[in-house]
Amino acid sequence: MYTIKSYVFPETLEEAGELLQRDTRASAILGGCCWLKLGRRRIRWAIDLTRLGLDQIEVKDGCLELGACVTLHQLETHPAVTARFDGLLGKCVSHIVGVPFRNCATVGGSVFSRFGFSDLTCALLALDATVVLHRGGEVPLEQFMASPIAFNDILLKVRIKDDGRRAAYQSVRRSTTDFPTLAAAVSRLDGKWTVSVGARPARAVRCESAAACLNEGKGAAAAGQAAAGELTYGTDLRAGADYRKKLAAVLVRRAAEQCMEENKG
Amino acid sequence: MKVKITVNGMLYNKHIPNDMMLLEFLRKYGYVSVKRGCDTGNCGLCTVWVEGKPVLSCSYPAARADGKRVTTLEGVKEEAASFGRYMTAQGAEQCGYCSPGFIMAVLAMRRELTDPTEEEIAGYLAGNLCRCSGYAGQTRALRAWLQDRPWEKEGQA
Ligand SMILES: Cc1cc2nc3c(=O)[nH]c(=O)nc-3n(C[C@H](O)[C@H](O)[C@H](O)COP(=O)(O)OP(=O)(O)OC[C@H]3O[C@@H](n4cnc5c(N)ncnc54)[C@H](O)[C@@H]3O)c2cc1C
Ligand code: FES
Ligand code: FES
């Protein structure tokens, strides 16, 4: 469990940024705290963003915008989210513990942490999302996911082009509420596909060769094989690398088939 | 730091440690229905409502509850007892340690979902673990309760 010396509700983003910059190692941005509290950080300034109006979901300037303090459960219930991308964002978080947990954990905490097991970042990668950082500005999620974690900025929101793309998500878990053993997401817009694979167990990445198979009409099974071949998979207590590789072939195929089915309707 | 937290309609104007979690705050002031299970966000035993929404009090900073309305099982006693009778009838309770958190999640689900499907029920309650019962009794109790809708006759919200 962490310890906190000063607990602050900044009234402006500038104030939050200044507090963080005062000492980035001693300060911590609080998301839902579900993960943070499991650690043993000695926090000098705990910066609570919940009074900055970052819990909003908006459709603005042609984008779906998810504020950092939006909870995972909001993704399952907000009509602007459930009505887009075949409900991908709500579906991808629906196996994360239960509703009381998902009413706490946030988009900001989940995306900023760039966990390998993250369901949400895997789905967002397939949607070509960007993240908006207080200091760093707007950055493609793919680039953000490839960068090392430094707790020296504040994630303000996630933006996704409201381009009407269709999408599907697949994951395998050893038990209902466990972390994913492997996850895959696909999206399709005007015949152009995007594929991502997460919980490898390393961070989610896009898979260009699988997308190319789908773009060239080689079919879902070929895309699955491409994802198994192109990406690297590792071993941890949930699964071995070989098993994950086999899962990747199956999950990418299933997600692509699902997206093709949904496109028919 | 100083907080004003309303628990089951009663205002608490208190100084708290900055790193106190809502679970500790509630138990300190006598709301012992709120149980500490895993303390890691896994089990759901500590479920309470903040502004009517179910949350895990073990992971919710007490400071964040400043100015908010918190409800524990003690605050919905009658409805909880009514559902509890369905649990007893089905032998759904063994040690009973998981029941307060489970009941708070069930009552929240009833308010949020109209006519939930089996899949929706399982998804909503998946984070409320019970190590004794294997969930069969709880599922039977829930089905009977949702079918009878006793809250309508008993005039609950
Ligand atoms: C028991 C358990 C089971 C889980 N299962 C899954 C699962 O199956 N799948 C899955 O995808 N995830 C899972 N997770 C992770 C969970 O979904 C969240 O991603 C995680 O709790 C972090 O979100 P949070 O809002 O709680 O962030 P916090 O715990 O508050 O923060 C996490 C980190 O991010 C930083 N941070 C928070 N918000 C911001 C911001 N706006 N800007 C900058 N930095 C920020 C914090 O300083 C901290 O370092 C699980 C977590 C737990 C505890
Ligand atoms: S004690 Fe809170 S989830 Fe287990
Ligand atoms: S009855 Fe014992 S944990 Fe549920």
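Heavy-atom basis, side chains included; hydrogens, waters and symmetry copies ignored. In what follows, every chain begins at residue 1, and chains take the letters A, B, ... in the order their sequences are listed.
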>> Tell me which of these, B:Leu125, B:Val50, B:Val55, B:Leu129, has more heavy-atom pairs under 4.5 Å with chain A than the rest.
In response: B:Val55
>> Using a 6.0 Å cut-off, check whether atom CD of B:Gln147 has over 12 heavy atoms from anything other than its own residue.
In response: no
> Would you say B:Glu78 has more than 12 foreign heavy atoms packed within less than 6.0 Å of its CD?
Replying inline: no
>> Rounded to the nearest 0.5 Å, what separates atom CG in B:Asn42 from atom OG1 in A:Thr177?
In response: 7.0 Å
>> Looking at chain A, which one of B:Met20, B:Met21, B:Lys53 has the largest number of heavy-atom pairs inside 4.5 Å, strictly under?
In response: B:Met21
> Is it true that atom CZ of A:Arg22 has more than 12 heavy atoms of other residues, nucleotides or ligands lying nearer than 6.0 Å?
Replying inline: yes
>> Under 4.5 Å from any heavy atom of chain B, what part of A:Cys34 do you find: side chain, backbone, both or neither?
In response: both
>> For B:Tyr97, is the OH atom crowded, meaning more than 12 foreign heavy atoms sit under 6.0 Å from it?
In response: yes
> Looking only at heavy atoms, which two atoms of B:Asp19 and A:Thr3 are closest? And how far apart?
Replying inline: OD2-CA, 3.1 Å
>> With rounding to the nearest 0.5 angstrom, report the CD to CD distance, A:Glu76 to B:Glu120.
In response: 10.5 Å
>> To the closest 0.5 Å, what do you measure between OG1 (A:Thr50) and NZ (B:Lys68)?
In response: 5.0 Å
> Does A:Lys37 come within less than 4.0 Å of B:Asp39, counting only side-chain N to carboxylate O?
Replying inline: yes
> Roughly how far, to the nearest 0.5 Å, is CG of B:Asn18 from CH2 of A:Trp45?
Replying inline: 13.0 Å
>> I'd like to check B:Tyr60 versus A:Pro100 (side-chain heavy atoms, cut-off strictly below 4.5 Å). Are they in contact?
In response: no
> Is it the side chain or the backbone of A:Leu30 that comes within 4.5 Å of chain B heavy atoms, both, or neither?
Replying inline: both
> How far apart are the closest heavy atoms of B:Gly41 and A:Phe101, and which atoms are they?
Replying inline: O-CD1, 3.5 Å
> Side chains of A:Arg51 and B:Asp66: closer than 4.5 Å at any heavy-atom pair?
Replying inline: yes
> For the atom pair CZ (A:Arg102) and CG (B:Leu56), what is the distance rounded to the nearest 0.5 Å?
Replying inline: 10.5 Å
> Looking at B:Glu112 and A:Thr77, what are the two nearest heavy atoms and their distance?
Replying inline: OE2-CG2, 3.8 Å
>> Given 3.5 Å as the limit, does a donor-acceptor pair link the side chain of A:Asn103 with the main chain of B:Pro54, or not?
In response: yes
>> Using a 4.5 angstrom heavy-atom cutoff, name the option from B:Ser59, B:Cys46, B:Pro17 with the most pairs to chain A.
In response: B:Ser59
>> Only pairs of heavy atoms separated by less than 4.5 Å count here; which of A:Ala46, A:Gly32, A:Ser94, A:Ser6 has the most with chain B?
In response: A:Gly32
> What is the distance from atom SG of A:Cys33 to atom CG of B:Leu22, rounded to the nearest 0.5 Å?
Replying inline: 12.0 Å
>> If you count every heavy atom of other residues, nucleotides or ligands that lies below 6.0 Å from A:Glu11 atom CD, does the total exceed 12?
In response: no
> Given a strict heavy-atom distance threshold of 4.5 Å, which part of A:His73 is in contact with chain B: side chain, backbone, both, or neither?
Replying inline: side chain
> Given that the side chain runs from C-beta out, which part of A:Thr71 has a heavy atom under 4.5 Å from chain B: side chain, backbone, both or neither?
Replying inline: neither
> Hey, are the side chains of A:Asp48 and B:Arg64 touching, using non-hydrogen atoms and a 4.5 Å cut-off?
Replying inline: yes
> Side chain, backbone, both or neither: which part of B:Cys58 has a heavy atom under 4.5 Å from chain A?
Replying inline: both
> Of the backbone (N, CA, C, O) and the side chain (C-beta and beyond), which part of B:Thr40 lies under 4.5 Å from a heavy atom of chain A, both, or neither?
Replying inline: both
